[in-house]
Colleague: 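Please read through the structure below; I'll follow up with questions.
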Amino acid sequence: MMRQYAVFGDPIAHSKSPLLHNRVFLELGVPAFYGRYHLKEPSSLLERFHALGLEGANITVPFKEVAFEQCDEVRGIAQKIGSVNTMVKEGERVIGYNTDAEGFFQTLEGKIRPQNVLILGAGGTAKALAMIFDLHQIPVTILNRTPGRLKPLAEQGFKTLTHEEFAPNSYDLIINSTSAGLSDDSLPLPAPWLESLLHSGVLAYDVIYGKTTPFLRLAKAQGARFQDGREMLISQAALSSLHFTEHHFPLSTLHSLMRLALPQ
Ligand code: NDP
């Protein structure tokens with residue numbers, strides 16, 4: 001029987017996840033299909049999951065915290081992060097995982113061993129990245145436009161800065177995890193501040209994929225190395241796919257198939 005998977009989000013039409021997961025299912029002969037679901041009512045996430053007869057799902061903006069709340073059990077780093085991007089049915093129970101953090105970290109391999117990281121933004125993604133750096137004992141500072149979202153991170157012991165507290169410092173990895181540049185042409189920080197931070201020797205990493213954001217354009221102009229979110233998208237999806245295919249295939253195979261599925 002055909003197993004069903006889906007990605008839940010709002011909006012969802014832009015999601016590349018079906019492209020990635022269906023390629024794996026097709027190429028590896030897994031009898032499964034992966035679709036998109038435009039969820040409007042967060043409280044009904046788990047109910048929809050069951051009503052659609054899903055075996056697994058991915059969760060994207062803005063439902064990752066909701067997924068964390070609704071899963072029957074949450075495993076691994078997702079517990080620390082407080083957000084879930086992968087749901088897997090195990091018997092009658094639904095287990096939640098977070099593959100964003102590990103997926104992101106794997107993309108740094110062979111590129112940089114960061115000594116001092118600056119994360120721009122303090123949303124769900126920023127939290128996931130901060131946790132994985134902390135796990136690897138890499139110093140990280142989180143800078144956000146508004147103080148509200150920084151508070152829980154500061155309470156967990158992270159170094160946090162509001163825009164008012166910003167002072168130039170030396171970072172070798174600067175990550176834009178804000179949605180600035182996603183559907184507009186804005187920078188996550190005022191240009192003069194970014195110009196003081198971005199130079200050769202720095203890796204500028206934007207988690208947004210599929211476009212060169214103003215942040216990456218500026219990094220390029222400043223002579224910094226730069227990377228968009230494509231590899232992260234593939235890495236987190238490949239880790240989710242490990243769960244969906246019950247660890248029957250090597251991660252490297254899933255990774256290669258997904259890379260082929262996503263045009264540069
Ligand atoms: P959230 O909504 O949780 O957080 C958004 C953050 O962006 C907040 O800190 C917010 O700051 C900040 N922000 C928004 N607009 C601006 C702006 N104009 N200037 C400065 N700061 C701004 O989003 P997520 O963390 O879930 O997602 C963030 C981005 O990451 C999205 O673009 C998403 O597509 C991308 N993403 C990519 C992945 C990949 O695989 N490549 C995986 C997951 C996410 P404030 O608190 O001040 O409002």
Side-chain angles (χ1 to χ4, degrees), residues 7-21 42 58-68 77-78 81-86 97-108 118-132 141-154 158 160-166 174-191 193-194 197 205-216 218 226-241 255 258-259 261-262 264:
V7 54
F8 288 92
D10 180 21
I12 198 61
H14 68 286
S15 173
K16 302 276 188 233
S17 294
L19 201 68
L20 302 178
H21 289 280
N58 286 119
I59 317 300
T60 185
V61 182
F63 301 124
K64 292 181 190 180
E65 278 84 6
V66 168
F68 174 84
I77 197 169
I81 301 168
S83 87
V84 156
N85 77 327
T86 304
Y97 302 90
N98 186 304
T99 67
D100 284 332
E102 187 58 36
F104 169 84
F105 201 79
Q106 286 179 359
T107 68
L108 300 180
L118 178 65
I119 298 179
L120 309 177
T125 309
K127 223 156 65 178
L129 305 192
M131 290 299 172
I132 196 87
T141 303
I142 304 143
L143 174 59
N144 199 48
R145 183 176 60 175
T146 49
R149 275 185 153 124
L150 289 172
K151 212 168 155 230
L153 284 158
F158 286 104
T160 61
L161 290 175
T162 61
H163 280 199
E164 283 69 35
E165 292 161 341
F166 173 79
I174 301 176
I175 306 160
N176 177 30
S177 84
T178 76
S179 31
L182 180 63
S183 50
D184 57 26
D185 223 19
S186 62
L187 285 165
L189 276 186
W193 296 3
L194 284 172
L197 293 167
Y205 196 132
D206 203 319
V207 298
I208 294 171
Y209 63 88
K211 66 183 285 197
T212 307
T213 57
F215 172 72
L216 290 189
L218 184 64
F226 58 95
Q227 165 153 1
D228 78 356
R230 180 177 180 273
E231 284 297 316
M232 176 183 176
L233 179 75
I234 293 170
S235 279
Q236 60 79 25
L239 288 169
S240 290
S241 186
H255 212 274
M258 288 184 165
R259 191 173 271 155
L262 194 65
Q264 284 277 4

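Counting starts at 1 for both ligands and their atoms, following the listed order. Everything numeric in this text was worked out from a predicted model, so none of it was measured.
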Colleague: What residue among I119, T125, L120 forms side-chain contact (heavy atoms from CB on, under 4.5 Å) with I175?
Modeller: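 Per the side-chain contact (heavy atoms from CB on, under 4.5 Å) rule, the option paired with I175 is I119, out of I119, T125, L120.
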Colleague: Under the salt bridge (charged side-chain N to carboxylate O under 4.0 Å, His left out) test, which residues partner E231, sequence neighbours left out?
Modeller: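 With neighbours one apart ignored, the set is R259.
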Colleague: Which residues satisfy the side-chain hydrogen bond (donor to acceptor under 3.5 Å, both in side chains) test with T212, sequence neighbours excluded?
Modeller: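 Checked T212 against side-chain hydrogen bond (donor to acceptor under 3.5 Å, both in side chains); zero matches.
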Colleague: What is the ring orientation for W193 with H163, classed by angle as parallel under 30°, tilted 30 to 60°, or perpendicular over 60°?
Modeller: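 Perpendicular, since the angle between the ring planes exceeds 60°.
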Colleague: Tell me, please, which residues at least two apart from K64 pass side-chain hydrogen bond (donor to acceptor under 3.5 Å, both in side chains).
Modeller: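 side-chain hydrogen bond (donor to acceptor under 3.5 Å, both in side chains) check on K64 returns D100.
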Colleague: Given side-chain hydrogen bond (donor to acceptor under 3.5 Å, both in side chains), test T99 with N85 step by step and report yes or no.
Modeller: CA-CA 7 Å; T99 67; N85 77 327; 3.0 Å; yes
Colleague: So which residues, sorted by chain and number, lie with a heavy atom under 4.0 Å of ligand 1?
Modeller: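 Under the 4.0 Å cut-off, ligand 1 touches V61, K64, D100, G121, A122, G123, G124, T125, N144, R145, T146, R149, S177, T178, S179, A180, L182, S186, P188, V207, I208, Y209, G229, M232, L233, Q236.
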